[in-house]
Amino acid sequence: MTRWLLPGFLFVGALATLILIVGPALYAISLSFYEQQSLTADPIWVGLNNYATVLGSAEFWNALGNGFFYAGVAILLQVVLGIGFALLLHQSFRGRTLLRGLAFLPYLLPTVVAVLTFKWMIDGSLGIVTILVDDLGLPPIYWFETESAAMMSVILVSVWLWTPFVTTTFLAGLQTVPVQLYEAARVDGAGPIRRFFHVTLPMLRPILTVIILLRGVWMFNKFDIIWLTTGGGPLGATEHLPVLAYRQAFTLFDIGNGAATATLSFLVLMVIVTLYFWLFPMDEKK
Amino acid sequence: MTDVISLQTLRKEYGSVVAVEGVDLEVAEGELIVLLGPSGCGKSTTLRMVAGLETITSGRLLIGGRDVTKLEPKDRDIAMVFQNYALYPHKTIRANMAFGLRMRGMGAAEAAERVASAADMLDIAHLLDRKPAQLSGGQMQRVALGRALVRDPAVFLLDEPLSNLDAKLRARMREEIALLQKRIGKAMLYVTHDQTEAMTLADRIVIMRDGHVQQIGSPLEVYDRPANAFVAGFIGSPEMNLVPATLDAGQLTLADGVRLSAPEDVGAGPVIAGIRPEALEPSDEGAPFVIQGVEQLGSQTLFIGTLGPHRIRVLAGRRDDLVAGATIPVAAAPSAIHLFDPTTNQRMGSTV
């Protein structure tokens, strides 16, 4: 009985992975070699033609650049703010537990809810932010209407939603740093800032490495937040690879190009993650 | 000789809990003071107040004649060795030792020189490029000492530095610390709960309990003249026998028919008699000691048994002939019997 338990579970896991992940992925990759005008049309083999088209198009490179910018800035802000909040919540003060709970709340919200709330808040005629800005006598802010503002707004919502993940993970890590290290550093003459850079940060480097990796992959692949706020606009200013692939496949019904874009996005991510692992090895030799 | 450290009624409260109740202590240049007591007695808190890691609730602290009561640890001219070494795990040994110097703005060349000479002194020069995780416990302890040493402070503070080492290594490091301290001639405050460590290392021992100082004295002073029953029981190994008894005209009655000769100048009445196991000896006449267990220590034999209703221990020269179940008369020199007041637990009389 027990002899078959482990192989049994492994088999179920492998089967589920094959059916639910590997299969669809391979299917999607295979689609990129065909031309297909709808999901029901007969596919025609075109080899690497789709890749040539996609790589030759300006919108691919625009989307790639947008993706890097969006993911890069969003992660940077999430990590910096997340660590800052974690350090604050690590201090002891009244109501700390409550505040720690509150700080995690945004992460629990479905993206749709967060985006809708944000859209209401900045609504051109009713939004509380719009009214406040107006009451203060400031000119109206066009959150999603200009190209640079749209990107900033998308990043703002992303940072608000996912900074708590960094905060919570980092806070958990902070609690594992031996107090004596801080005391030794104090005796050695290191002030709060030097203690952060010489004790906290090195001690939490493994955690930070994982946080940046996870958040990076998630942000690079993040579809819903951009789709729900700007849909990639205005004029493609916030369109990144997932949105482009979706638009090609399901709006333009160019399944082949959409699949090619998605596959290229996957390859780009693979290269970046490999590079990341090479630069910041997880099992650093002591 | 001027005092390097002066603790003046140093007191620590956590809310309504008093952790340390007014410690007074003057430490001279080159003196090694051991703070000794069971866990929770306030010895570590006292040390941490001197280090500046705990705020001082009231009282004054002078180091090198300067009032440092409210100063940060870095401004107190102290260096500390922590129980768990507290080495920075991501830094090399060299960087660990140099960190305190660099933080104080010392140039790289001078810091490297100091690290090198401290490393030579502690025999860890070959470890300088390693990380702490690659070191054994004993080596980490040396590095922790080295990190304090390079700073050349007025005072060294050591918080149970040997408690993570195995017995053999602990004995060796103890000797090394004693030699090192004599060599550098700086004042040292050393916290431990191990009375052997205290006896072997200290110039003076400060024995604490429940936040109160029980006695301050040289190792032999506290061994020969414990100020109260607690100190008597805490200092010395095996532990001193403490038994309730009645004193009358130089006779100590432990129970019906169980009597020992006692010092005569104390008076009469109920007392607590303290007799060290090594002060009791099998003799021709004395109190009947019923042997229940025998522990052979090699050169000595430890007997565990009873005197009347009281369980006591007798440490004699090696005896192969006595076994459990035997009854032998034991006696102690009257001058070797310590008498304590049963209500206050304080020492009575002037027994030397």
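Chain A is the first sequence line, chain B the second, and so forth, proteins listed ahead of strands; every chain is numbered from 1.
A 6.0 Å sphere centred on CD1 of A:Ile193 holds no more than 12 heavy atoms belonging to other residues, nucleotides or ligands. Within 6.0 Å of NZ in B:Lys182 there are more than 12 heavy atoms belonging to other residues, nucleotides or ligands. At most 12 non-hydrogen atoms from other residues, nucleotides or ligands lie less than 6.0 angstrom from CZ of A:Phe11. The 12-atom threshold is exceeded at CZ of A:Phe93, counting heavy atoms of other residues, nucleotides or ligands nearer than 6.0 Å. The environment of B:Arg172 atom CZ is sparse: at most 12 non-hydrogen atoms of other residues, nucleotides or ligands sit within 6.0 angstrom. Counting non-hydrogen atoms of neighbouring residues, nucleotides and ligands closer than 6.0 angstrom, the CZ atom of A:Phe266 reaches no more than 12 such neighbours. For A:Phe85, the CZ atom sits in a loose shell: 12 or fewer heavy atoms of surrounding residues, nucleotides or ligands are nearer than 6.0 Å.
Of the two parts of B:Arg76, neither the backbone nor the side chain holds a non-hydrogen atom closer than 4.5 Å to a non-hydrogen atom of chain A. Residue contact with chain A, scored on non-hydrogen atoms closer than 4.5 Å, involves the backbone of B:Ala79 exclusively. Using a 4.5 Å cut-off between heavy atoms, B:Arg48 contacts chain A through its side chain alone, with no backbone atom that close. With a threshold of 4.5 angstrom between heavy atoms, B:Leu87 approaches chain A through N, CA, C or O but not through any side-chain atom. If you measure heavy-atom distances from A:Arg194 to chain B, the contacts under 4.5 Å come from the side chain alone.
The minimum heavy-atom distance linking B:Ala86 with A:Gln180 is given by the pair CB-O, 3.7 Å. Contact detail for A:Gly189 and B:Lys74: the closest heavy-atom pair is CA-CB, 3.4 Å.
In this structure, A:Arg186 and B:Glu72 have side chains that are in contact, with non-hydrogen atoms separated by less than 4.5 Å. Counting heavy atoms from C-beta on, the side chains of B:Pro73 and A:Asp188 never come closer than 4.5 Å. Two residues are said to be in side-chain contact when any heavy atoms from C-beta on lie closer than 4.5 Å; A:His198 and B:Tyr88 fail this criterion.
The CD atom of A:Glu183 sits 9.0 Å away from the CG atom of B:Asp159 when rounded to the nearest 0.5 Å.
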